[in-house]
Trainee: 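Mind looking over this structure? Questions follow.
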Protein chains: 2
Amino acid sequence: MSDSETSKRTRRGSGAITLHDVARLAGVSPITASRAINKPEQVSPELLKRVEDAVARTGYVPNRMAGGLASSRSKLIAAVVPSTVISVFNETIEALNNTLFDSGYQLMLGQSDYSSEREELLLDSVIGRRPDGIFLAGVMQPGKGRTRLMASGIPVVETWDLTPTPIDMLIGFSHKDIGLAVANYLIQKGKKHLAVIRAGDERADRRTVAYQEAIAQAGLPPPFVVNVGGERSIHSGRAAMAKILADAPKTDAVFCSSDLLALGALTEARHQNIEVPNQMAVMGFGDVPFVADMLPALTTVRINGGKIGQLAAQYLMDRAEGKTVSEPIVDVGFSIIERDTA
Amino acid sequence: MSDSETSKRTRRGSGAITLHDVARLAGVSPITASRAINKPEQVSPELLKRVEDAVARTGYVPNRMAGGLASSRSKLIAAVVPSTVISVFNETIEALNNTLFDSGYQLMLGQSDYSSEREELLLDSVIGRRPDGIFLAGVMQPGKGRTRLMASGIPVVETWDLTPTPIDMLIGFSHKDIGLAVANYLIQKGKKHLAVIRAGDERADRRTVAYQEAIAQAGLPPPFVVNVGGERSIHSGRAAMAKILADAPKTDAVFCSSDLLALGALTEARHQNIEVPNQMAVMGFGDVPFVADMLPALTTVRINGGKIGQLAAQYLMDRAEGKTVSEPIVDVGFSIIERDTA
DNA sequence: ATGAAAGCGCTAACAT
DNA sequence: ATGTTAGCGCTTTCAT
């Protein structure tokens, strides 16, 4: 209200209420106002109340960019995921976000679209924000991005995979073991002519290779493989199943790289009056929230995505606060959920 | 390498490479280094090259918190959505994120979980980051949150709905018109005993009320209503359909508040050998990416979510850059996609 | 085209 | 328990 500002160089900032305004109104020094807001136990009840009143009256919202700059603690966590639309990572992101929010952290979301070029751009953009931690969906392949990440010194958690050489922390499971387990599950169900509908990524590759190995070990003919590349949709699942039915008609079981692909395979099987699971077993991967309730209910590989997200958030926050994480590499495992389709 | 730092109060920052380091290495002043990076056309080729080399050699990544503080431009956009797991907003968020990223903006994601208490907390947290714009999934009800948002002066775009009193910009469509259109569509197909499976939110309410109106207008008996509250799953869709079949057996058409609910309804119908669409028509809402390829393919209301996201991003960025948005209120409409189930 | 000075809004470090 | 001072790393303003 009563301002007498005189300066040669003027450079009014955002115009928003600042800590100084609040302090002046409360009749205290800025640092006391800061403490009243962030560490109320360090301030006498009397002054605390005056500051609180001033905050309420002005509608002051602290500028976290300024705070972050001053304290080198941004209270930001970045997540880098390949895709956000109906992806297996959704549950993980939601859990991550919720856990972070409850402790006053904010989530920045970056999408790499399965492109490593874009991922590198994204990483620089992310590092520039100086987040207190970075969540990665997957394990980062060696390259410029990985190097820069390590150089940044920011705590990193890689997820949804296992590797002997993590950047930092790791919360995942073995894709190889899944390939093995699924093949053996199907074989034990009496299936003889296995197939696989796989995505183009490297994790799908490891599952497929293990699947092939287990099949070879059992003395069965090698599986028919359809690689759908980046097309993880129901549509491509249908097309893939059509191809299997046409080119490898003896097939009696298919392992799909994702639940969506499995749903597509199932759709095509129904379309062609193939009886599931006797004539054709179908398994998915991911156990996205709705496949349990469909008819037939999908037999699939379940990953506890929520647990991964929650744990990752905790680890990142612990590290941001200087604590050491006692078990920085965790295998959360997986389970085969037996339902109607296999 | 050769440092001789002497100061009484030491407070080493993050320890990362700063613009000063780059400038020193390039033999220019910090401001020249800054210009070389941000406005290269203002710097002579000679110095530009020296700065670029220094950046490459040091692996310098600008600290955007510092830059944001100095310029009052964070290059951050915040999105507030109720949920991220298989929600109709996913496509919008992805488009928003992609459009922003291409212009150097980053997305912060906040989840309100359909709770207005949480939404208020979230809003303060978001405002504290001083984003250049805020994306809202839905329109914000009057209240403390809305007031604070308006007071913040940050550009806001509300979406997925229409209102005569937007906070700022608005990109949506009429839920009332959808209720009307769906009812008339079903009626015109010869359906006489309509029902609705709705969620608990206010938008679903408006669709339902309009649906009831249109039915009344046509002289048909009022629809049987099942309110699933916050349970937007396939599971609750199944349960709701079971209830309809038990309590209102004459029902020959159901409009569902979401595609997932519709899928559940369809599942139950199949389970009870109800023939779709003749005996029972089912319509969804949202046209999530996979319902088109299922068997039967779902007849549903399609919203161009991608367009909303892309437009919202553009509007927010324009406003952040001081441009005026010529048409700040847009009705993107909707369409009924006729497929197998109605 | 380049640079010096000032300061964005906050908190860490050092008093008292 | 409260205050003073000096930055955090950058960009604006003004000068050359």
Trainee: Would you sort out whether A:Lys75 and A:Asp132 count as a salt bridge (Lys or Arg N to Asp or Glu O under 4.0 Å), showing the intermediate values?
Mentor: CA-CA 6 Å; A:Lys75 282 256 184 179; A:Asp132 291 339; over 6 Å; no
Trainee: Using a heavy-atom cut-off of under 4.0 Å over every strand shown, decide if B:Pro62 touches base, sugar-phosphate, or nothing.
Mentor: sugar-phosphate
Trainee: Can you list the residues that meet the side-chain hydrogen bond (donor to acceptor under 3.5 Å, both in side chains) rule with B:Tyr105, with sequence neighbours excluded?
Mentor: B:Arg73, B:Glu321
Trainee: Can you tell which of D:dC8, C:dG3, D:dC10 lies closest to the side chain of B:Leu19?
Mentor: D:dC10
Trainee: Hey, can you pull the residues of residues 36-52 of chain A with a non-hydrogen atom under 4.0 angstrom from DNA chain D?
Mentor: A:Gln42, A:Val43, A:Ser44, A:Leu47
Trainee: Which of these nucleotides, C:dG9, C:dT11, D:dT11, is closest to any side-chain atom of A:Ile31?
Mentor: C:dT11
Trainee: Any side-chain N or O of B:Thr32 under 4.0 Å from OP1/OP2 of C:dG3?
Mentor: yes
Trainee: Would you say B:Ser29 reaches C:dG3's phosphate, i.e. side-chain N/O to OP1/OP2 under 4.0 Å?
Mentor: yes
Trainee: Check side-chain hydrogen bond (donor to acceptor under 3.5 Å, both in side chains) between B:Asp102 and all other residues, then give those that pass, not counting sequence neighbours.
Mentor: none
Trainee: Under 3.5 Å, which donor-acceptor pairs link side chains of residues 159-171 of chain B to any protein atom two or more places apart or in another chain?
Mentor:
{"residue": "B:Thr159", "atom": "OG1", "partner": "B:Leu136", "partner atom": "O", "Å": "2.7"}
{"residue": "B:Trp160", "atom": "NE1", "partner": "B:Thr92", "partner atom": "OG1", "Å": "3.1"}
{"residue": "B:Asp161", "atom": "OD1", "partner": "B:Arg206", "partner atom": "NH1", "Å": "3.0"}
{"residue": "B:Asp161", "atom": "OD2", "partner": "B:Arg206", "partner atom": "NH2", "Å": "2.5"}
{"residue": "B:Thr163", "atom": "OG1", "partner": "B:Thr165", "partner atom": "N", "Å": "3.1"}
{"residue": "B:Thr163", "atom": "OG1", "partner": "B:Thr165", "partner atom": "OG1", "Å": "3.3"}
{"residue": "B:Asp168", "atom": "OD1", "partner": "B:Arg319", "partner atom": "NH1", "Å": "3.0"}
{"residue": "B:Asp168", "atom": "OD2", "partner": "B:Val156", "partner atom": "N", "Å": "3.0"}
{"residue": "B:Asp168", "atom": "OD2", "partner": "B:Arg319", "partner atom": "NH2", "Å": "3.2"}

Trainee: What nucleotide, of C:dG9, D:dG9, C:dT11, holds the atom closest to the side chain of A:Ser34?
Mentor: C:dT11
Trainee: Going by the rule side-chain hydrogen bond (donor to acceptor under 3.5 Å, both in side chains), which residues pair with B:Thr324 if we only count those two or more places apart in sequence or in a different chain?
Mentor: none
Trainee: State whether the distance check finds a donor on one side and an acceptor on the other, under 3.5 Å, for side chain B:Arg35 versus base C:dG3.
Mentor: yes
Trainee: With sequence neighbours left out, which residue pairs that include part of residues 104-118 of chain B fulfil the salt bridge (Lys or Arg N to Asp or Glu O under 4.0 Å) condition?
Mentor: B:Asp113-B:Arg118
